[in-house]
There are 2 protein chains.
Amino acid sequence: MTAIARSDDVRRQNRRLVLSVLRRSEKLSRTEITARTGLSPSTVSAITSDLLSDGILCKLRDGDATATRRGRPQVALGLNPDAAAVIAVVLSLNALSAALIDYAGDVIVSEQARLDTLAMSGEEIVASVRAMVGTLVDEATYRDMHVPRIAVAFQGITDAGARTLLWSPITREIDIPLGDALENAFGIPVTVENDCNMIAVALNAKDPGHYGDNFIAILLSHGLGMGMMVRGELFIGTKSSGGEFGHMNHVPDGALCRCGRRGCIEAYAGNYAIWRAARALGDDTPPAADIADADMAALAAAARAADGPERRAFDAAGRAIGFGLGSLFAILDPAPVAIVGQGALAFDLIRTPMLEALAKTAGGQHHSIPSFYTDPDEMPLIRAGCAMRALTFVDREIFARGAASPAAGVGRAVA
Amino acid sequence: MTAIARSDDVRRQNRRLVLSVLRRSEKLSRTEITARTGLSPSTVSAITSDLLSDGILCKLRDGDATATRRGRPQVALGLNPDAAAVIAVVLSLNALSAALIDYAGDVIVSEQARLDTLAMSGEEIVASVRAMVGTLVDEATYRDMHVPRIAVAFQGITDAGARTLLWSPITREIDIPLGDALENAFGIPVTVENDCNMIAVALNAKDPGHYGDNFIAILLSHGLGMGMMVRGELFIGTKSSGGEFGHMNHVPDGALCRCGRRGCIEAYAGNYAIWRAARALGDDTPPAADIADADMAALAAAARAADGPERRAFDAAGRAIGFGLGSLFAILDPAPVAIVGQGALAFDLIRTPMLEALAKTAGGQHHSIPSFYTDPDEMPLIRAGCAMRALTFVDREIFARGAASPAAGVGRAVA
DNA sequence: TCTATTAATTCGAGGCTCGAAAAAAATAGT
DNA sequence: ACTATTTTTTTCGAGCCTCGAATTAATAGA
């Protein structure tokens with residue numbers, strides 16, 4: 001975009017740069033920051049001294065391997081844990097969890113609750129979230145920490161401004177104004193995020209070697225979810241959180257999907273779809289509400305043991321995912337794929353039919369087949385991604401702009 | 001992305017801004033530039049006087065309605081046609097065309113040639129393009145115009161750097177290094193672009209009201225093509241030119257596609273697919289080489305006249321496009337769609353089955369159905385988009401950076 | 001204690017934008 | 001014909017910012 005640029009935008013941008021290298025590597029001397037950013041030593045000196053007096057950075061005294069060198073020792077700088085705190089909330093089927101996280105990224109306190117989301121009204125869900133967040137806000141107040149951001153992750157679709165839960169399989173209600181509700185209650189800016197997008201953020205932060213500027217994270221559980229990084233940016237559609245991979249069409253007028261339509265990929269590859277196919281219940285059978293992990297594991301074991309309806313069910317799931325990836329790759333080009341969630345435990349069953357289907361599509365035509373990685377445990381990733389999302393917002397949008405006394409409310413300012 | 005920012009990046013960015021508002025509206029006074037950019041009058045004065053002495057802008061004397069006002073009259077500034085020229089090349093099935101275009105966007109000379117691309121080797125194609133471009137380069141030299149950029153549009157896929165024609169239906173050869181060949185021959189930077197992306201660029205430039213920050217352009221002809229603007233940027237995949245809408249999967253293991261795979265959308269909605277379905281030739285019939293526009297028009301007339309195989313063929317095409325758009329919308333969210341090319345003449349036949357199919361997908365679920373616009377003539381759009389692409393490159397990457405004497409080779413510098 | 005070595009800061013040069021004031025170039029009124 | 005008015009454009013100084021070079025700081029080894 002062509003936007004106007006002012007003199008001080010330069011400083012803002014370079015503060016961002018410094019904060020982003022520090023967020024990636026926890027502890028860095030000014031010399032190392034100079035090397036990693038490409039800024040001149042004088043500029044790094046100016047920026048870090050600003051950030052130190054704003055209380056955003058702190059000096060870390062460490063008797064490390066530094067002492068063995070000759071000249072003036074480097075002083076390690078790091079993100080000041082007390083500079084701020086964020087609250088990361090994960091709302092999932094029948095469960096709610098939230099954590100207060102300091103600016104360095106460490107969890108201070110976390111809360112969990114079980115709740116019957118399907119039976120609750122939108123207002124009840126909002127009230128539950130508000131109550132749990134309230135506890136954490138109180139905790140932050142007690143510890144004298146400023147909370148400039150809250151991020152909420154859930155399975156489903158948000159609006160363009162990441163403020164409203166438009167639709168989610170965890171509730172029958174639509175258009176729940178979660179962002180506005182929390183913002184009104186606590187006066188803290190809130191974003192509402194798709195869980196798979198947060199998985200992508202977490203993978204990118206954790207392992208940029210495998211999950212770098214371009215990759216796709218697919219969550220296999222009761223339904224399907226997807227988060228993508230495209231050219232270094234979290235991919236969001238033109239309007240909402242986008243990325244409804246599970247509801248791309250696989251078979252026109254095909255199997256009944258949880259969304260009410262027919263032939264979606266999820267209607268073949270979601271747990272409920274594998275279950276009903278393995279039990280030979282027919283494509284029109286309404287999706288089961290939830291299927292225990294142990295039952296899915298038993299299905300997988302049966303599929304591994306002998307050829308039969310179970311194996312064919314996993315075959316169909318693999319085919320659906322393979323054709324879907326093929327269509328996705330036709331638009332976006334192939335990229336590494338992370339298979340996350342409980343379904344990754346059956347990836348051995350899914351892999352071959354998936355690759356066979358993928359090879360039948362144009363996605364495999366002009367390019368090499370991408371790598372696949374699996375990780376069965378999605379909740380830690382969602383939590384970590386959600387926290388990271390909130391923290392990088394603070395880095396970029398709050399602490400990067402020097403003016404307007406960002407130190408207000410900051411714990412102690414290191415002078 | 002977090003990149004380093006220097007002091008003079010500010011000026012570069014603001015020069016871009018000034019050039020971009022001038023490119024949009026041909027003739028603007030400094031006061032109007034001030035209003036449209038948001039820059040201060042002093043900054044606009046400084047930037048425009050630089051651009052004038054660089055020969056990039058020129059003063060336009062016009063005895064317009066300006067004379068009726070009271071104070072000092074505004075002096076209209078415009079892009080100096082003589083500041084540079086670009087060459088836009090369109091390579092299509094059996095035809096090659098190219099034009100020399102001045103910096104203000106007007107065609108100076110254009111060349112056309114018919115060539116049997118399917119029968120030619122990659123080297124022969126490169127030689128033909130090189131010869132035609134050579135003529136235009138000579139013309140530019142004769143007119144003492146500097147040519148800082150060449151853009152080539154074709155139907156098919158390019159590599160990440162937009163330098164190589166990886167695959168195209170107009171030739172059997174793959175990996176044709178068109179960009180490097182031209183760059184070596186003339187020493188001018190070249191990009192190789194997908195034709196539908198250029199259609200999107202042209203629509204966006206021509207009518208930003210309808211085709212703004214988010215829209216999809218679909219070309220219906222022998223095959224299918226797509227170009228998209230997403231969040232104000234031309235959408236390109238992670239690696240190549242991306243956007244192979246026609247090769248998303250519609251029916252697993254379905255009809256034979258020109259690409260050799262089965263079940264692609266194109267295998268139902270391309271001209272050859274409609275033709276073979278209307279003639280009841282069966283899904284396995286290899287695609288016809290080319291089908292005359294008149295024959296397609298006759299098919300459409302037959303379909304309009306009576307229910308029969310022709311109408312069912314157009315129905316199937318509409319369904320394929322509808323399901324494909326549904327899958328696309330699942331990932332990107334719904335956006336306005338422009339249907340371009342000869343197939344748009346049969347849009348009345350395609351529209352209803354397309355909308356019915358779209359309504360069966362998740363793409364229509366949480367959002368309103370987007371608008372559709374049609375335009376049967378694609379070649380002028382491809383040419384205009386290609387020229388615009390080259391010109392905005394010059395605006396942004398060459399003339400925006402003040403240093404390195406950009407005026408070298410410029411016709412006359414208006415002092 | 002002195003010296004070599006590495007880290008971090010300071011200072012002046014040179015860019016940039018902006019606001020206020022000044023200059024420029026017309027028309028309207030007497 | 002001449003002045004006042006109005007509108008556009010330029011000029012000038014203040015205030016940011018980055019950078020390179022010189023300077024100061026802090027340590028290990030001799």
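As a basis for the values below, the full set of heavy atoms in this structure was taken, side chains included, without hydrogen atoms, waters or symmetry mates. The chains referred to below are lettered A, B, ... by the order of the sequence lines, with proteins before strands, and numbering in each begins at 1.
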Can you tell whether the side chains of Asp9(A) and Arg12(A) come within less than 4.0 Å, N to carboxylate O?
yes

Upstream residue (5' side of DNA chain C) when Ser7(A) and Ala46(A) are each assigned their closest nucleotide
Ala46(A)

Counting only non-hydrogen atoms, which of residues 30-44 of chain B are less than 4.0 Å from DNA chain D?
Arg30(B), Thr31(B), Pro41(B), Ser42(B)

Show each protein N/O and nucleotides 28-30 of chain C N/O combination with a separation under 3.5 Å, one pair to a line.
{"from": "dA28(C)", "atom 1": "O4'", "to": "Arg70(B)", "atom 2": "NH1", "distance (Å)": "2.5"}

Residues which pass side-chain contact (heavy atoms from CB on, under 4.5 Å) with Thr191(A), listed by chain and number, not counting sequence neighbours
Arg149(A), Ala151(A), Ala162(A), Glu193(A)

Does OP1 or OP2 of dC18(C) have a side-chain N or O of Arg6(A) closer than 4.0 Å?
yes

In whole Å, I'd like the distance from the CG atom of Asp9(B) to the P atom of dT18(D).
11 Å

Residues forming a side chain to side chain donor-acceptor pair (under 3.5 Å) with Asn184(B), sequence neighbours excluded
none

Who passes salt bridge (charged side-chain N to carboxylate O under 4.0 Å, His left out) against Arg30(A), sequence neighbours left out?
none

Let me know the distance between NZ of Lys59(B) and P of dT8(D), rounded to the nearest Å.
17 Å

Salt bridge (charged side-chain N to carboxylate O under 4.0 Å, His left out) involving Asp106(A) - partner list, sequence neighbours excluded
none

Grab the CD1-C1' distance between Ile47(B) and dT9(D) for me, whole Å please.
15 Å

When Ile4(B) and Ser45(B) are each assigned the nearest nucleotide of DNA chain D, the 5'-most assignment goes to Ser45(B)

Based on the rotation axes of five pairs at each end, what angle does the helix from dT1(C)-dA30(D) to dT30(C)-dA1(D) bend through, to 10°?
30°

With sequence neighbours left out, what residues match Phe215(A) under ring pair (Phe, Tyr, Trp, His ring centres under 6.0 Å)?
Tyr211(A)

Looking at side-chain heavy atoms only, is the closest gap between Leu39(A) and Val18(A) below 4.5 Å?
yes

Choosing from dT18(D), dG15(C), dA8(C), which nucleotide comes nearest the side chain of Asp8(B)?
dG15(C)

For Leu52(B) and dT9(D), what is the distance between atoms CG and C1' respectively, to the nearest whole Å?
12 Å

Any Lys59(B) side-chain heavy atom under 4.5 Å of Leu77(B) side chain
yes

Return the value, rounded to whole Å, for the distance between atom CG of Asn14(B) and atom P of dG15(C).
17 Å

Give the nucleotide from the list dT27(D), dC18(C), dA25(C) with an atom nearest to the side chain of Pro73(B).
dA25(C)

Looking at Arg72(A) and dA7(C), is any side-chain donor or acceptor paired with a base atom of the opposite kind under 3.5 Å?
yes

Set of side-chain contact (heavy atoms from CB on, under 4.5 Å) partners for Arg143(A), sequence neighbours left out
Ile108(A), Val109(A), Glu139(A), Met145(A)

Out of dT9(D), dA7(C), dT9(C), minimum distance to the side chain of Gln74(A) belongs to dA7(C)

Distance, rounded to the nearest Å, where Arg16(B) contributes CZ and dC16(C) contributes P:
15 Å

Who are the side-chain contact (heavy atoms from CB on, under 4.5 Å) partners of Thr141(B), not counting sequence neighbours?
Val137(B)

Can you sort out the partners of Arg11(A) under salt bridge (charged side-chain N to carboxylate O under 4.0 Å, His left out), two or more places apart, ordered by chain and number?
Asp50(A)

Glu397(A): partners by salt bridge (charged side-chain N to carboxylate O under 4.0 Å, His left out), with sequence neighbours left out:
Arg16(A), Arg401(A)

Can you tell me the distance, in whole Å, between the CZ atom of Arg11(A) and the P atom of dT17(C)?
18 Å

In whole angstroms, how far is the P atom of dT18(D) from the CD atom of Gln13(A)?
11 Å

